[in-house]
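Quick notes on the structure that follows.
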Amino acid sequence: MTSVDVHALALEKVGRILGPHRARTLLQAFLARAEKLALATTDDLHAFGEALGAYGGIEQAVGALLMVQAVLIETAEPPLPPRQPR
C-alpha cells in the first residue's frame with residue numbers, strides 16, 4: 001500500500017492531457033475489466049498504464065508516463081521497518 005492516492009493521481013495526469021471526461025471513461029473501463037472499484041496501489045497504477053498502451057497514440061504515451069510515475073512513487077516510499085519477533 002502507498003501513501004499516495006494513485007487513483008486521484010491517475011485521473012489528474014490523464015485528465016490534464018486527454019481531458020477529464022476521457023480520463024474518467026478510460027479509467028472506468030479499466031476498472032470494470034479489472035473488477036476493481038479504484039486504483040489503490042502502484043501495481044494498479046502500472047497496470048492501468050499498460051492498459052492505456054494498448055490504445056496506441058497519445059494514450060500509449062500517457063500510459064508510459066503513469067508507469068514511470070508508479071516506479072517513482074515506489075522508490076520514494078520509505079521502506080517498511082523490519083518486523084520484530086514476538
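Computed over heavy atoms, backbone and side chain alike; hydrogens, waters and symmetry mates excluded.
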Tell me, do [X] and [Y] make a side-chain contact under 4.5 Å, heavy atoms counted?
{"X": "L31", "Y": "H7", "answer": "yes"}
{"X": "V6", "Y": "T41", "answer": "no"}
{"X": "L39", "Y": "L27", "answer": "yes"}

If you compare all heavy atoms of F48 against all heavy atoms of L66, which two are closest, and at what distance to 0.1 Å?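 The pair with the smallest heavy-atom distance is CD2-CD1, 3.5 Å.
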
Can you list every side-chain hydrogen bond (donor to acceptor under 3.5 Å, both in side chains) pair that touches residues 47-56, not counting sequence neighbours?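 Non-adjacent pairs meeting side-chain hydrogen bond (donor to acceptor under 3.5 Å, both in side chains): zero.
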
Give the cluster check for L45 versus M67: same hydrophobic cluster or not, with ILVMFWY residues linked at side-chain heavy-atom distances below 4.5 Å.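 No, no single cluster joins them.
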
Keeping to residues at least two apart or across chains, list the salt bridge (charged side-chain N to carboxylate O under 4.0 Å, His left out) pairs with something in residues 27-46.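 Checked against salt bridge (charged side-chain N to carboxylate O under 4.0 Å, His left out) - neighbours excluded - the pairs reaching residues 27-46 are K36-D44.
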
Just distance, no hydrogens or angles: give the donor-acceptor pairs under 3.5 Å from side chains in residues 9-23, sequence neighbours left out.
{"from": "E12", "atom 1": "OE1", "to": "R16", "atom 2": "NH2", "distance (Å)": "2.9"}
{"from": "E12", "atom 1": "OE2", "to": "R16", "atom 2": "NE", "distance (Å)": "3.0"}
{"from": "E12", "atom 1": "OE2", "to": "R16", "atom 2": "NH2", "distance (Å)": "2.3"}
{"from": "R22", "atom 1": "NH2", "to": "E59", "atom 2": "OE2", "distance (Å)": "3.1"}

Suppose we screen for side-chain contact (heavy atoms from CB on, under 4.5 Å). Which residues come up paired with A47, at least two apart in sequence or across chains?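 F30.
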
